[in-house]
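These notes concern the structure reproduced below.
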Amino acid sequence: MRGIRSARAGALFALMVLFAAACGGEDGDGADLDADLGGSVEIAAVWTGAEQESFELVLDEFSERTGTEVTFTSTGDEIATVLRTRIEGGSPPQLAILPQPGLLNDLAEQDALEPIDEIVGDLVDESYAPIWRDLGSSSDDTLYGLFFKGDNKSTVFYNVGAFEDAGVEPPATWEEFIDAAQTLRDAGTTPLAIGGEAGWVLTDWFENIYIRMAGPEAYDQLTNHEIPWTDESVTEALELFAEVLSDDSLTLDQPTNVGFEESVDAVFADEPTAAMVFEGDFVPGATDVAKAAEPVTDYDVFDFPSIEGSDPAVVGGGSVVVMLEDTPQSRALLEFLGTPEAAEIIVAQGGFSSPNRDVDEAAYPNEIGQRTASSLADAEVFRFDLSDLVPTELGGDVPGSMWSILQDFAQDPSDVQGTAQRLEEVAARAFG
């Protein structure tokens with residue numbers, strides 16, 4: 001099942017079709033909501049802070065139009081643990097938004113999810129590119145997930161003033177990236193804020209380095225565990241990542257001491273403490289400080305740099321809505337989340353891209369939001385986030401996964417071989 005899923009995720013142009021259509025498609029029909037629905041529904045997701053506030057605007061609209069009380073439960077990065085605990089206790093939320101197709105697969109295999117084809121299957125087929133049905137389906141093609149969010153996770157945001165003061169330009173290659181970082185440092189500005197307190201930030205770093213060094217075919221093989229994590233391609237990527245991690249003068253602090261939101265604020269603040277933060281296109285909407293900054297004037301973005309002449313590549317992600325309890329309220333909210341009108345509420349807040357191709361381009365609030373979506377649409381090579389595709393034991397927020405292993409690596413980047421061996425041991429168990 002894992003091999004089938006990653007092969008689907010590796011389709012080179014599926015997302016190009018999606019985002020090209022998203023930028024200029026015809027408006028879809030609005031949700032046909034029952035104004036007298038009433039009742040209540042709970043939905044859980046990883047979002048906190050500004051991201052949670054933006055999503056709650058969507059939920060507020062649903063509540064206003066249906067009279068349904070919606071409870072949002074923020075799980076943080078521990079969503080896998082939270083959901084499993086509540087499922088075992090017999091009180092799961094009716095809906096959840098998962099950051100990983102791998103977690104969707106795990107829950108489907110446990111019979112913890114309700115099929116949703118009857119509810120939103122037609123909507124998915126009409127308003128989404130086929131890749132999103134594939135990624136939201138189990139190995140037997142049962143649709144369990146509706147993707148509400150798509151991410152371009154190959155973007156580096158930078159403080160325009162810091163770059164101008166240091167006299168550096170956005171880099172296109174890894175060599176230029178390191179040179180720019182050193183120039184920024186010499187000019188008195190910390191080059192990078194890496195929010196490694198969140199393990200997924202470190203996996204995103206590794207994945208972007210790996211696909212550029214090893215290529216998309218090796219990326220697929222590693223995703224399927226067709227090559228071991230002790231392969232030379234892995235150790236070479238870890239060694240390059242270590243160039244950044246081992247130089248304390250390039251980072252705001254030891255990365256595992258820096259939270260994701262802290263890393264964003266360090267770059268987007270009026271008086272920045274760092275010049276660059278690598279993460280997905282959701283960064284400008286991740287905190288109140290980021291949302292207050294002016295695009296292009298205060299901050300801008302460049303693509304993750306090419307390595308050793310590699311062709312452009314985009315690693316992407318997405319957040320998928322699943323149903324754990326089938327009720328009239330959970331059905332109605334699921335249907336609403338699949339409409340362009342729901343997506344347009346949240347994309348207007350910034351830092352959010354919708355996989356619904358009927359979303360109006362004008363809904364995006366600024367040039368950078370449109371540009372990062374176009375960068376993903378124009379990618380000749382696209383791959384879904386590796387850690388989101390592999391079994392949760394390897395790719396999720398659980399003890400001993402990639403998250404914690406790469407956090408240990410961030411603290412001791414000299415242990416390349418040991419890190420690769422630990423990753424392989426977990427992968428062997430997860431795929432065994």
Side-chain angles (χ1 to χ4, degrees), residues 44-60 72-79 97 99 148-163 189-205 251-302 304 317-319 343 345-354 363-373 397 403:
V46 301
W47 297 321
T48 61
E51 288 181 301
Q52 175 179 337
E53 292 172 6
S54 294
F55 182 57
E56 286 180 338
L57 295 176
V58 180
L59 301 181
D60 289 345
F72 176 82
T73 298
S74 174
T75 66
D77 290 331
E78 299 179 352
I79 190 165
I97 303 180
F148 182 63
K149 182 181 182 184
D151 301 319
N152 177 347
K153 302 181 79 173
S154 295
T155 48
V156 184
F157 290 85
Y158 66 95
N159 186 284
V160 171
F163 267 46
T189 300
T190 299
L192 285 164
I194 301 177
E197 187 179 86
W200 54 268
V201 170
L202 300 177
T203 66
D204 287 351
W205 267 95
T251 58
L252 183 65
D253 194 352
Q254 208 292 319
T256 58
N257 294 334
V258 180
F260 166 63
E261 293 184 353
E262 181 184 354
S263 72
V264 173
D265 287 349
V267 175
F268 282 73
D270 290 337
E271 297 183 3
T273 54
M276 294 181 285
V277 57
F278 155 72
E279 251 314 324
D281 56 5
F282 46 80
V283 162
T287 72
D288 290 336
V289 170
K291 292 172 76 171
E294 289 293 327
V296 181
T297 302
D298 295 334
Y299 71 93
D300 213 325
V301 65
F302 60 88
F304 197 92
S319 300
I345 293 171
I346 197 166
V347 301
Q349 308 306 308
F352 192 103
S353 297
S354 171
Y364 290 90
N366 57 57
E367 172 191 335
I368 288 181
Q370 296 174 6
R371 198 193 314 160
T372 54
D397 181 22
W403 293 31

- Message: Once rounded to the nearest 0.5 Å, what's the spacing between atom OG of S353 and atom NZ of K149?
- Response: 8.0 Å

- Message: Tell me if a side-chain donor or acceptor on D281 pairs with a main-chain N or O of D151 at a distance below 3.5 Å.
- Response: no

- Which heavy atom of Q349 sits nearest a heavy atom of K291, and at what distance? O-CE, 3.9 Å

- Heavy-atom closest pair, residues I79 and A44: CD1-O, 4.4 Å

- Identify, with sequence neighbours excluded, every residue that meets side chain to side chain donor-acceptor pair (under 3.5 Å) alongside D204. K153

- Mind running ring-ring contact (aromatic ring centres under 6.0 Å, His included) on F260 and W200 for me, showing each step along the way? CA-CA 10 Å; F260 166 63; W200 54 268; 5.0 Å; yes

- Do the side-chain N and O atoms of E279 and S263 include a donor-acceptor pair separated by under 3.5 angstrom? no

- Nearest atoms (heavy-atom pairs only) where I368 meets V296: CD1-N, 3.6 Å

- Note, E53 side chain near D288 side chain (heavy atom, < 4.5 Å): yes

- Can you tell me how far OG1 of T372 sits from OH of Y364, rounded to the nearest 0.5 angstrom? 8.0 Å

- Could I get the full list of side-chain contact (heavy atoms from CB on, under 4.5 Å) partners for V160, not counting sequence neighbours? Y158, E164, D300

- Query: Which atoms form the tightest heavy-atom contact between A274 and N159, and what is the distance?
  - Reply: O-CB, 4.5 Å

- Minimum heavy-atom distance between A162 and A275, given as atom pair plus value: CB-CB, 4.0 Å

- Message: So, using side-chain contact (heavy atoms from CB on, under 4.5 Å) as the criterion, who are the partners of Q254 when residues are at least two apart?
- Response: T256, N257, A410, Q411

- Hits for ring-ring contact (aromatic ring centres under 6.0 Å, His included) against F268, two or more places apart or cross-chain, chain-then-number order -> Y299

- What orientation do F302 and F163 show, parallel under 30°, tilted 30 to 60°, or perpendicular over 60°? tilted

- Message: Applying side chain to side chain donor-acceptor pair (under 3.5 Å), can you list everything that pairs with D265, at least two apart in sequence or on another chain?
- Response: T287

- Query: Nearest heavy-atom pair of V301 and T155: which atoms, and what distance?
  - Reply: CG2-CB, 3.7 Å

- Message: Test your reading of the model: is there a side-chain donor-acceptor pair from T251 to the backbone of L192, 3.5 Å cut-off?
- Response: no

- Task: Verify the ring-centre separation between F282 and F157: is it less than 6.0 angstrom?
- Result: no

- Listed by chain and number, what are the side-chain contact (heavy atoms from CB on, under 4.5 Å) partners of E294, not counting sequence neighbours? T297, D298

- Message: Measuring from atom CD of E262 to atom CD1 of I194, what distance do you get when rounded to the nearest 0.5 angstrom?
- Response: 12.5 Å

- Item | side chain to side chain contact (heavy atoms under 4.5 Å, CB included) assessment of T48 paired with E261 | CA-CA 10 Å; T48 61; E261 293 184 353; 3.3 Å; yes

- Task: For the residue pair F148 and W47, categorise the inter-ring angle as parallel (less than 30°), tilted (30 to 60°) or perpendicular (more than 60°).
- Result: tilted

